Amino acid sequence: MSQGIFAALTYLENELQKISPKTDSHNGFVAIQRGDGRTLELDERSHQNRYFELSIQTFPQDDGQAGLSGRKRARIGCRVRYEIPVDVNFLYRMMGEDTSAVIDKLQAPEYDLVNTGIITVITNEPTFDTLTNASGERVAHILTIPFDLLLLEA
């Protein structure tokens, strides 16, 4: 049994990579920055759609109401990169479809509690940011879906 933040994030990354996109289906979800020593960051990649990372925004802390409960809560950001296509409205619609699919996958109840420690995932409001190059031209969007991960450490 290897419950904890590393096992939980690895499990969620694997699950997100199983999503079959409705639009532009030949570019599936690919997890990067998985704690495996590869260092090229999401913002530095180019010509990629749906490369994503799960980044820890707040480290696990006790989620009990009175004393130590064993249950932890961490805020995680699911960041997905989208290159700018010619038709920005096409991009927004594709991001909208993907947002729904990612939220559904994150909130799926099959968390493999024994091996991951995941109790539940609570998603928060998605946002997106525009990435620009040195000339100030838009080159990509980063979709961020923040979520609270409730888990057990063992």
Side-chain angles (χ1 to χ4, degrees), residues 2-60 72-152:
S2 162
Q3 295 177 343
I5 192 75
F6 203 102
L9 293 179
T10 299
Y11 177 81
L12 292 174
E13 288 165 343
N14 291 338
E15 289 300 301
L16 291 173
Q17 289 185 109
K18 294 177 185 176
I19 294 173
S20 296
K22 291 181 181 180
T23 303
D24 188 26
S25 59
H26 62 281
N27 285 314
F29 288 86
V30 178
I32 63 167
Q33 295 292 88
R34 300 187 73 182
D36 57 6
R38 297 189 181 121
T39 58
L40 190 59
E41 294 183 20
L42 186 66
D43 296 1
E44 297 172 354
R45 295 187 177 260
S46 59
H47 307 295
Q48 305 295 331
N49 270 348
R50 297 190 179 104
Y51 272 45
F52 74 94
E53 66 184 8
L54 296 182
S55 60
I56 297 174
Q57 297 175 344
T58 62
F59 287 104
K72 306 292 186 213
R73 177 183 294 258
R75 173 65 56 97
I76 309 297
C78 176
R79 299 179 67 236
V80 186
R81 182 184 178 101
Y82 293 89
E83 295 294 318
I84 299 294
V86 175
D87 183 351
V88 175
N89 284 324
F90 175 82
L91 173 73
Y92 294 157
R93 291 177 185 190
M94 183 171 67
M95 288 171 65
E97 288 177 348
D98 289 354
T99 299
S100 293
V102 168
I103 288 171
D104 289 349
K105 188 60 87 171
L106 287 172
Q107 293 180 334
E110 297 86 23
Y111 294 128
D112 190 12
L113 175 65
V114 171
N115 293 308
T116 67
I118 299 173
I119 296 170
T120 194
V121 170
I122 304 164
T123 57
N124 296 289
E125 184 176 356
T127 60
F128 72 90
D129 295 306
T130 302
L131 291 180
T132 57
N133 62 16
S135 304
E137 299 169 337
R138 292 183 306 177
V139 294
H141 283 306
I142 300 289
L143 169 67
T144 302
I145 302 171
F147 62 92
D148 290 336
L149 174 64
L150 277 65
L151 70 152
L152 298 173

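Only a predicted model underlies this, so the values are computations on that prediction, with no experimental measurement involved.
Under the rule for a side chain to side chain donor-acceptor pair (under 3.5 Å), Tyr111 has no partner lying at least two apart in sequence or in another chain. For Tyr92, the ring-ring contact (aromatic ring centres under 6.0 Å, His included) partners two or more places apart in sequence, or in a different chain, are Phe128, His141. For Asp104, there are no side chain to side chain donor-acceptor pair (under 3.5 Å) partners, not counting sequence neighbours. In this structure Thr123 satisfies the side chain to side chain donor-acceptor pair (under 3.5 Å) test together with Gln107, sequence neighbours excluded. Pro60 pairs by the side chain to side chain contact (heavy atoms under 4.5 Å, CB included) definition with Ile5, Lys72, Ala74, not counting sequence neighbours. With sequence neighbours excluded, the residues forming a side chain to side chain contact (heavy atoms under 4.5 Å, CB included) with Thr23 are Phe90, Met94, Glu97, listed by chain and number. Here Glu110 pairs with Tyr11, Ala108 under the side chain to side chain contact (heavy atoms under 4.5 Å, CB included) rule; sequence neighbours left out.
Taking the side chain as every heavy atom from C-beta outward, Leu12 and Cys78 never approach each other to under 4.5 Å. Here the side chains of Phe29 and Val102 are in contact, with some heavy-atom distance below 4.5 Å.
The residue from Val80, Ile142, Ile32 that alone fulfils the side-chain contact (heavy atoms from CB on, under 4.5 Å) condition with Glu53 is Ile32. When the options Lys105, Arg50, Arg81 are evaluated for a salt bridge (Lys or Arg N to Asp or Glu O under 4.0 Å) with Asp98, the one that passes is Arg50. Of the listed residues (Ile118, Leu149, Thr116), just one forms a side-chain contact (heavy atoms from CB on, under 4.5 Å) with Leu9, and that residue is Leu149.
No side-chain donor-acceptor contact under 3.5 Å links Gln3 to the backbone of Leu151. At distances below 3.5 Å, at least one donor-acceptor pair connects side-chain atoms of Thr99 with backbone N or O atoms of Met95.
The shortest heavy-atom contact between Leu54 and Phe147 is CD2-CE2, 4.2 Å. Here the closest non-hydrogen pair linking Ile19 and Pro21 is O-CD, 3.3 Å. Closest approach of Arg79 to Thr144, counting heavy atoms only: CG-OG1, 3.8 Å. Minimum heavy-atom separation, Pro146 to Pro126: CD-CA, 4.3 Å. Contact between Glu13 and Ala31 at its shortest, heavy atoms only, is CB-CB, 4.0 Å.
For the salt bridge (charged side-chain N to carboxylate O under 4.0 Å, His left out) condition, the pairs that include at least one residue of residues 126-150, sequence neighbours left out, are Arg73-Asp148, Arg75-Asp148.
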